[in-house]
Amino acid sequence: MFSMMRHRVLARGAGKVWGRRTGFSVVLILILLAGCAARPGPEALDPVAERPEGNGSVTVLTATNRALTTDRPQTYGDGRGTLSYERFTMQVVTTDSAGKAGVSAIPHPENPSRDFVTTDRRELDEALFMQSVDRVRKADGTIVVFVHGYNTSYPEAVFRLAQLGADSDAFDLPILFSWPSMADFRGYVADRDSTTYARDDLVHLLTLLSRSRSKERISVIGHSLGGWLVMEALRQLRLEGRDDVIARLQVGLAAPDIDIDVFRKQAAVVGPLTPPLGVLVSADDRALALSSRLTGGKPRLGLARADDPLIQEIARQNGVLILDVSNLPATDGMKHDRFVVLAARYSAAAAKDGSVGGIRQAGVYILDATGRILSAPFAGTARILAGSP
């Protein structure tokens, strides 16, 4: 799965897979894209000495099986470790023209660390983590678990989730599950292995959260390669007979980097979900096009077209809600992050129009540039990505 902020995707390997001319062109484009934005370093997660006057704050809980680095400042790196927990308070430092904090108006969507500062950071054991879940969550609020993708560092993932939390009022309690990505565009194969390593820990986290005092559903969002990890966790829960945990979940996959045949097998084991499993697809996703080439031309689920009979069959047979978001704008050059725009626009629309999101219906739908459905009622996936049940 490709990084949510810069998407410096596999440039060195590209020329080996394609012909020299095509490979060189892609490598050049990716190098240029890689230079467009800098990723936040570990120091960005250190609390600032003086809290800025502000525009509101966001609390982010994290669960990660990354190992701590020996560098200074110390952070969770690409090593594989055991589950650890933290709680962050992130202060919004920018506003829109109306003075309201929000990602849709933030001028640095590819690097949210320029729009937030860390004002508090605390290590937690598992008991304190669950106490934080119950304390921070509002009485009727939604727990949202976000699973990031390929080429993503721990600081990046924390700031991106803070960005989503600031943009959507429905993200009552954002929780990051961060697996040990190398945070390097050359590490695609290693990252795929790391998602397999992380599967049991994600299952443990979801099981743990299902025991919280909240009676609301737990929304789970998997972006790109994180979508594969989410599906594997669901599959494992079903095989273990943990139907009680699955019944608490509401699942959305954003630009999933999953082989379509593999997804069909996963979905057959998991079975239909209530509400339906939501999938965001876009046929012009450049990151997934590269992933497809690197996997021998195997089609990726997130790259599907709404008019593809195979995709329509998957939606029908497995009770899946598939939304084509190709018409939505993207904030990155790889067109791999449209879920951020969808979450922001749906959240804003829901506040104005109570009729949006009342229908949960499997099928294949196309959204227009505003995030509204073109051919059928719009609900499930956007609601999941906006963080509301």
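The side-chain heavy atoms of Trp179 and Thr64, taken from C-beta on, include no pair separated by under 4.5 Å. Here the side chains of Ile311 and Leu301 are in contact, with some heavy-atom distance below 4.5 Å. At least one side-chain heavy atom of His336 sits under 4.5 Å from a side-chain heavy atom of Ser224. Residues Met90 and Gln163 are not in side-chain contact: their nearest non-hydrogen atoms beyond the backbone lie 4.5 Å or more apart. Val279 places none of its side-chain heavy atoms less than 4.5 Å from the side chain of Leu323. At a threshold of 4.5 Å between non-hydrogen side-chain atoms, the residues Pro47 and Phe88 do not count as touching. Two residues are said to be in side-chain contact when any heavy atoms from C-beta on lie closer than 4.5 Å; Pro276 and Val320 fail this criterion. Considering only heavy atoms from C-beta on, Ile322 comes within 4.5 Å of Val281 through its side chain.
Nearest heavy-atom pair across Gly149 and Thr152 is O-OG1, 3.0 Å. Considering all non-hydrogen atoms of both residues, Pro256 and Leu288 come closest at O-CD1, 3.9 Å. Across every non-hydrogen atom of Met231 and Ile258, the tightest pair is CG-CD1, 3.9 Å. Closest approach of Tyr154 to Tyr76, counting heavy atoms only: CB-O, 3.4 Å. Across every non-hydrogen atom of Val230 and Gly222, the tightest pair is CG2-CA, 3.8 Å. The two atoms that bring Ala166 and Val92 nearest to each other are CB-CG2, 4.2 Å, heavy atoms only.
Distance CG/Asp71 to CD/Glu43: 11.5 Å, rounded to 0.5 Å. In this structure, CZ in Arg338 is found 3.5 Å from OG in Ser282, a value given to the nearest 0.5 Å. Here Leu277 contributes atom CG and Asn318 contributes atom CG; the two are 9.0 Å apart, rounded to the nearest 0.5 Å. From Arg80, atom CZ reaches atom OH of Tyr197 across 7.5 Å, with rounding to the nearest 0.5 Å. Note that CG of Leu61 and CG of Leu161 are 9.5 Å apart. Values are rounded to the nearest 0.5 Å. Here the CG atom belonging to Asp134 is positioned 5.5 Å from the CE atom belonging to Met130, to the nearest 0.5 angstrom.
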- [ ] Dump the intermediate steps for salt bridge (Lys or Arg N to Asp or Glu O under 4.0 Å) on Asp285 and Lys335, then the final yes or no.
- [x] CA-CA 5 Å; Asp285 188 316; Lys335 300 184 179 181; over 6 Å; no
Open item on the list: Is there a side-chain contact (heavy atoms from CB on, under 4.5 Å) between Phe129 and Ile175? Walk through the geometry before answering.
Closed with: CA-CA 10 Å; Phe129 172 79; Ile175 299 175; 4.1 Å; yes
Task: Working for side-chain contact (heavy atoms from CB on, under 4.5 Å), residues Arg286 and Leu290 - done: CA-CA 6 Å; Arg286 296 173 182 172; Leu290 289 171; 5.8 Å; no
Open item on the list: I'd like to know whether Ile314 forms a side-chain contact (heavy atoms from CB on, under 4.5 Å) with Ile260, so could you lay out the CA-CA distance, the side-chain angles of the two residues, the decisive distance to 0.1 Å, and finally the verdict.
Closed with: CA-CA 9 Å; Ile314 289 174; Ile260 288 182; 3.8 Å; yes
TODO: Give the intermediate values and the outcome of salt bridge (Lys or Arg N to Asp or Glu O under 4.0 Å) for residues Asp244 and Arg242.
DONE: CA-CA 5 Å; Asp244 58 323; Arg242 296 309 309 266; 2.9 Å; yes
- [ ] Dump the intermediate steps for side-chain hydrogen bond (donor to acceptor under 3.5 Å, both in side chains) on Arg248 and Ser210, then the final yes or no.
- [x] CA-CA 7 Å; Arg248 293 287 309 280; Ser210 73; 5.4 Å; no
TODO: Apply the test side-chain contact (heavy atoms from CB on, under 4.5 Å) to residues Thr89 and Val58: give CA-CA distance (whole Å), side-chain angles for both, the deciding distance (0.1 Å), then the verdict.
DONE: CA-CA 6 Å; Thr89 302; Val58 180; over 6 Å; no
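With hydrogens and angles disregarded, a donor-acceptor distance shorter than 3.5 Å links the side chain of Arg217 to the backbone of Ala247. Under the 3.5 Å distance criterion, the side-chain polar atoms of Ser194 are matched with a main-chain donor or acceptor of Pro180. In terms of modelled atom types and a separation under 3.5 Å, the side chain of Arg39 and the main chain of Ala183 share a donor-acceptor contact. Using modelled atom types, no side-chain atom of Thr75 and backbone atom of Gly77 make a donor-acceptor pair closer than 3.5 Å. Side-chain atoms of Asn151 come within 3.5 Å of backbone N or O of Asp184 as a donor-acceptor pair. Gln74 contributes no side-chain N or O that, together with a main-chain N or O of Leu68, makes up a donor-acceptor pair within less than 3.5 Å. Using a distance-only test at 3.5 Å, with no hydrogens or angles considered, no donor-acceptor pair links the side chain of Ser178 to the main chain of Ala157.
One finds no salt bridge joining Lys298 and Asp259 here, because no Lys/Arg side-chain nitrogen approaches an Asp/Glu carboxylate oxygen to under 4.0 Å. Between Arg122 and Asp120, at least one side-chain nitrogen of the basic residue sits less than 4.0 Å from a carboxylate oxygen of the acidic one, meeting the salt-bridge criterion. The pair Arg300-Asp257 meets the salt-bridge criterion, since a charged nitrogen lies less than 4.0 angstrom from a carboxylate oxygen. Comment: Arg121 engages Glu86 in a salt bridge, judged by a side-chain N to carboxylate O separation of less than 4.0 angstrom.
Taking the six-membered ring where the residue is Trp, Phe339 and Phe146 present parallel rings, their angle staying beneath 30° rather than reaching 60°.
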Would you tabulate the side-chain donor-acceptor contacts of residues 233-240 under 3.5 Å, counting partners in other chains and residues two or more places apart, or write 'none'?
{"unit_1": "Gln236", "atom_1": "OE1", "unit_2": "Arg199", "atom_2": "NE", "d": "3.4"}
{"unit_1": "Gln236", "atom_1": "NE2", "unit_2": "Asp200", "atom_2": "OD1", "d": "2.9"}
{"unit_1": "Gln236", "atom_1": "NE2", "unit_2": "Glu240", "atom_2": "OE2", "d": "3.3"}
{"unit_1": "Arg238", "atom_1": "NE", "unit_2": "Val270", "atom_2": "O", "d": "2.7"}
{"unit_1": "Arg238", "atom_1": "NH1", "unit_2": "Asp243", "atom_2": "OD1", "d": "3.0"}
{"unit_1": "Arg238", "atom_1": "NH2", "unit_2": "Val270", "atom_2": "O", "d": "2.8"}

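Cluster annotation: Leu128 and Leu208 are assigned to the same hydrophobic cluster (Ile/Leu/Val/Met/Phe/Trp/Tyr, side-chain heavy-atom contacts under 4.5 Å, transitive). At a threshold of 4.5 Å between side-chain heavy atoms, the hydrophobic network of Ile, Leu, Val, Met, Phe, Trp and Tyr places Leu45 and Leu164 in one connected group. Tracing side-chain contacts under 4.5 Å through hydrophobic residues (I, L, V, M, F, W, Y), one reaches Val262 starting from Val251; they form part of the same cluster. Residues Val93 and Val48 share a hydrophobic cluster, clusters being chains of Ile/Leu/Val/Met/Phe/Trp/Tyr side chains in contact below 4.5 Å.
At a cut-off of 3.5 Å, with distance as the only test, a side-chain donor of Tyr85 or Glu126 sits close to an acceptor on the other residue. Of the N and O atoms on the side chains of Ser181 and His148, not one donor lies less than 3.5 Å from an acceptor on the other residue.
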